[in-house]
Amino acid sequence: MKKQWEKLEAWLRINHPSLLGDLNPPASDADILELEQRLGMALPTDYIACLKIHNGQKGRDGWLFNNREFLSTQQTLMSWSAWNDLLDEGDLDYKVSRPDASIQSGWWRKAWVPFATDGCGNYLCLDLSPSASGQYGQVINVFHDVQDRTREATSFTAWFENLVGNKQRGKEWSKR
């Protein structure tokens with residue numbers, strides 16, 4: 001993860017220096033432990049390694065992840081809690097999703113951990129309870145108003161490497 005962040009930071013220094021300054025400092029062990037305890041689940045080690053480099057972004061200068069803001073541990077917990085409140089209150093009972101085969105059915109599952117948002121209720125999540133054909137820690141799209149639940153990558157590392165590779169190949173970041 002460190003090498004990928006070094007590549008991303010080098011790209012940002014040249015192409016979007018103000019976004020580099022928008023990144024938060026590393027998450028502390030206490031930040032990560034609190035998140036895991038509140039979630040009631042252990043986080044994938046590759047995602048933890050990412051947080052130990054940058055604990056999300058401030059969100060004041062564009063979004064780091066292609067039209068999505070990189071969430072801090074605190075923002076992740078707030079987003080996860082909001083979705084779970086809707087689930088627990090029965091607000092999602094009538095909703096039917098269309099998940100990829102690698103994703104369990106459901107509009108929202110407590111084992112989905114948001115790490116990026118477009119600010120409109122749509123998230124990239126770590127799936128910590130995939131279907132039998134999925135992989136623990138896979139990255140999935142969760143939309144607030146669309147049935148589709150799609151897998152973006154088999155792991156956070158694979159997703160992050162693809163993101164960084166696209167930037168190095170000259171694919172420009174979308175701006176808010």
### Task
Indicate if Tyr136 and Leu51 have the same hydrophobic cluster label, given that clusters are the connected sets of ILVMFWY residues with side-chain heavy-atom separations under 4.5 angstrom.
yes
### Message
Is there a path of hydrophobic side-chain contacts, each under 4.5 Å between heavy atoms of I/L/V/M/F/W/Y residues, joining Phe143 to Leu92?
### Response
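Leu92 does not cluster with Phe143.
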Measure the shortest side-chain to side-chain distance between [X] and [Y] over non-hydrogen atoms and say whether it is less than 4.5 angstrom.
| X | Y | answer |
| --- | --- | --- |
| Ile140 | Cys125 | yes |
| Ser102 | Pro130 | no |
| Trp80 | Leu39 | yes |
| Leu126 | Pro114 | no |
| Trp112 | Ile103 | yes |

### Message
Between Leu19 and Gln57, is the side chain to side chain contact (heavy atoms under 4.5 Å, CB included) condition met? List the steps.
### Response
CA-CA 9 Å; Leu19 188 52; Gln57 65 179 117; 3.6 Å; yes
### Task
Provide the closest heavy-atom pair for Ser79 versus Leu71 in the form atom of the first, atom of the second, distance.
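Where Ser79 meets Leu71 most closely, the heavy atoms are OG-CD1, 4.1 Å.
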### Task
For Arg68 and Ala116, work out which heavy atoms get closest and say how close.
CB-CB, 3.9 Å
Got a second to check how far [X]'s [atom1] is from [Y]'s [atom2], nearest 0.5 Å?
| X | Y | atom1 | atom2 | result |
| --- | --- | --- | --- | --- |
| Leu86 | Asp93 | CG | CG | 11.0 Å |
| Thr117 | His144 | OG1 | NE2 | 10.0 Å |
| Leu23 | Leu12 | CG | CG | 6.5 Å |
| Leu64 | Phe70 | CG | CZ | 7.0 Å |
| Leu43 | Leu35 | CG | CG | 5.0 Å |
| Asn141 | Arg149 | CG | CZ | 9.0 Å |

Salt bridge (charged side-chain N to carboxylate O under 4.0 Å, His left out): pairs with one or both residues in [range], sequence neighbours excluded:
| range | answer |
| --- | --- |
| residues 94-105 | Arg98-Asp148 |
| residues 107-130 | Asp88-Lys110 |
| residues 33-52 | Asp29-Lys52, Glu34-Arg38 |

Between [X] and [Y] (side chain of the first, backbone of the second, donor and acceptor by atom type, cut-off under 3.5 Å), is there such a pair?
| X | Y | answer |
| --- | --- | --- |
| Asn24 | Asn55 | yes |
| Ser97 | Gly106 | yes |
| Asp31 | Ser28 | yes |

Just to verify, what does [X] make a side-chain hydrogen bond (donor to acceptor under 3.5 Å, both in side chains) with, not counting sequence neighbours?
| X | value |
| --- | --- |
| Glu9 | His54 |
| Trp108 | Asn84 |
| Ser155 | none |

Run the ring-centre check on [X] versus [Y] and record whether the distance is less than 6.0 Å.
| X | Y | result |
| --- | --- | --- |
| Tyr123 | Phe115 | no |
| Phe160 | Trp5 | yes |
| Trp159 | Phe65 | yes |

### Task
Check the side chains of Ser129 and Gln104 for a donor-acceptor pair under 3.5 angstrom, ignoring hydrogens and angles.
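Side chains of Gln104 and Ser129: pair found under 3.5 Å.
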### Message
Apply side chain to side chain contact (heavy atoms under 4.5 Å, CB included) to residues Leu124 and Phe156 and explain how you reach the verdict.
### Response
CA-CA 10 Å; Leu124 286 176; Phe156 184 80; over 6 Å; no
### Task
Report the C-alpha separation of Glu152 and Gln138 in whole Å, then their side-chain angles, then the decisive distance to 0.1 Å, and conclude whether the side chain to side chain contact (heavy atoms under 4.5 Å, CB included) test is met.
CA-CA 8 Å; Glu152 293 295 308; Gln138 65 190 2; over 6 Å; no
